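Here's the structure, in structure tokens; my notes come after.
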Amino acid sequence: MQSQEQKSNKSLYVGKEVDSLDAVLEAHLPEAELAEVRRLLYGKVPASLPISDAARKLADERQYDIKAFKFDAAPEQLRKPRVVKIGLIQNSIAAPTTAPLFEQYKAIEAKIAELIDAAGSMGVNILCLQEAWTMPFAFCTREKATWCEFAESAKDGHSVKFVQEMARKHNMVIVSSILERDSAHGETIWNTAVVVGNHGNIIGKHRKNHIPRVGDFNESTYYMEGNDGHPVFETEFGKIAVNICYGRHHPLNWQMFGINGAEIVFNPSATVGALSEPMWPIEARNAAIANSYFTAGINRVGTETFPNEFTSGDGKPAHKGLSRARDGLLVAELDLNLCRQMTGRLDLYARSFTEAVKEDFKQQIIRDPSLGN
């Protein structure tokens, strides 16, 4: 057991950023209090899974953060466990934003290849990459020149081919969030998640349903809201959906993926620490509770600087730090039998939504009689 002095001496920072909430708690709380705080914050703390030798070696060499946990379900008499292992990769960019574009992409690709190999060594079945992993998150610069050149085909773009190769190599479903260029429809650009099957086949794609228009933070400079609803992708390992970034703020967005049968909903994101960090770690957890499915949220890490000012979204000076963790891989083993549905009441909501869009809709408000007329 670590002494309080040993724990306090543990490094809490990656550069200028606090490494994680857990790191702060571990450094300052005795074991008993730490266990109780974790119970209050997270509920039942899941058991840890062993880290493969290959993954541990990579973590040591690159200073990556690799963790793995197990989420059990109560055993049932008539159904066998449906155990699936999922993975999330968070990464910083690997070349300056002033480098040639393809050089930037290839540097990120090399890093991602290592992390996917590590996930493969851990037996991951379904892996999700962060939002727009192929590029710097340049959308907040509001500059279309240069950055839109990262856009690629969702069928045969360079990153799509790379992910297909890695999916075949590791028998792994991979969710790859890219900037899509739809050349068949006027070169339209979308924020898209491509779902690649474990045999290297493209199962389908989903386009971001909600985009931010917050102060001077406006992604509509690059793309508009998606047009393909709330698709759920049935894979060999389970039914999955992708709620891209800003869609996490919209409860009905989460709900529709559940209505369509999702068992795991991934939330690949790229959000600035000072802007919405207090929200995104809890929104996916809330959705899991409300919709009786597993959720897996991921945000990019590192610091990205650009030739021109990076907008803050609130009119203040630019926020440079995007997160507070190192490049890394998170693995979780899930039993999908835990996805027991509560009473859906779809008939109630169908009637309510139908009434709400009518011109003469009246809100269902019960007024306190003591308020008078």
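Treat the numbers as computed from the prediction; the structure is a model and nothing was measured.
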Check your understanding: Please walk me through it: do Asp327 and Ser92 pass side-chain hydrogen bond (donor to acceptor under 3.5 Å, both in side chains)?
Key -> CA-CA 6 Å; Asp327 295 342; Ser92 56; 2.9 Å; yes

Point to revise | side-chain contact (heavy atoms from CB on, under 4.5 Å) evaluation trace for Phe150 with Ile178 | key: CA-CA 9 Å; Phe150 279 104; Ile178 66 170; over 6 Å; no

Exercise for review: I would like to know whether Asn198 and Asn171 meet side-chain hydrogen bond (donor to acceptor under 3.5 Å, both in side chains); could you show each step before the answer?
Suggested key: CA-CA 5 Å; Asn198 52 308; Asn171 189 35; 2.8 Å; yes

Point to revise | salt bridge (Lys or Arg N to Asp or Glu O under 4.0 Å) evaluation trace for Lys208 with Glu180 | key: CA-CA 11 Å; Lys208 187 172 181 176; Glu180 177 195 1; over 6 Å; no

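Classification of Glu26 and Arg38 as a salt-bridged pair holds, one side-chain N sitting under 4.0 Å from a carboxylate O. Between Asp22 and Lys67, none of the side-chain N atoms (NZ, or NE/NH1/NH2) sits under 4.0 Å from a carboxylate O, so this pair counts as no salt bridge. Using a 4.0 Å cut-off between charged side-chain N and carboxylate O, Asp228 and Lys205 make no salt bridge.
Glu263 CD to Ile240 CD1: the interatomic distance, rounded to the nearest 0.5 Å, is 10.5 Å. Distance CG/Asn191 to CD/Glu131: 4.5 Å, rounded to 0.5 Å. For the atom pair CG of Leu78 and NZ of Lys80, the computed distance is 12.5 Å after rounding to the nearest 0.5 Å. Of the inter-residue distances, the one linking Trp254 atom CH2 with His249 atom NE2 reads 10.5 Å to the nearest 0.5 angstrom.
Counting heavy atoms of neighbouring residues, nucleotides and ligands inside a 6.0 Å radius, atom CG of Asp60 exceeds 12 of them. Sparse packing is recorded around CD of Glu234, with 12 or fewer heavy atoms of other residues, nucleotides or ligands lying under 6.0 Å away.
Not less than 6.0 angstrom separates the ring centroid of Tyr246 from the ring centroid of His210.
Gly229 and Asn209 get closest at one heavy-atom pair: O-ND2, 3.1 Å. For the pair Ile174 and Ala167, the tightest heavy-atom approach, listed with the atom from each and the gap, is CD1-N, 3.8 Å.
The side-chain hydrogen bond (donor to acceptor under 3.5 Å, both in side chains) search around Glu103 returns none, not counting sequence neighbours. A search for ring-ring contact (aromatic ring centres under 6.0 Å, His included) contacts involving Tyr222 returns Phe139, not counting sequence neighbours. Qualifying side-chain hydrogen bond (donor to acceptor under 3.5 Å, both in side chains) partners for Trp133, counting only residues two or more places apart in sequence or in other chains: Ser176. Lys239 pairs by the side-chain hydrogen bond (donor to acceptor under 3.5 Å, both in side chains) definition with nothing, not counting sequence neighbours. Taking the side-chain hydrogen bond (donor to acceptor under 3.5 Å, both in side chains) definition, one finds that Arg39 meets it with Glu36, sequence neighbours left out. With sequence neighbours left out, the side-chain contact (heavy atoms from CB on, under 4.5 Å) criterion links Ala68 to Leu49, Ile51, Met122, Val331.
Applying side-chain contact (heavy atoms from CB on, under 4.5 Å) to Ile126 and the options Leu334, Val195, Thr235 leaves one that passes, Thr235.
Side chain of Ser177 to backbone of Ala132: a donor-acceptor contact under 3.5 angstrom is found. A donor-acceptor pair is defined here as one N or O able to donate and one able to accept, closer than 3.5 Å; no such pair exists between the side chain of Arg62 and the backbone of Lys111.
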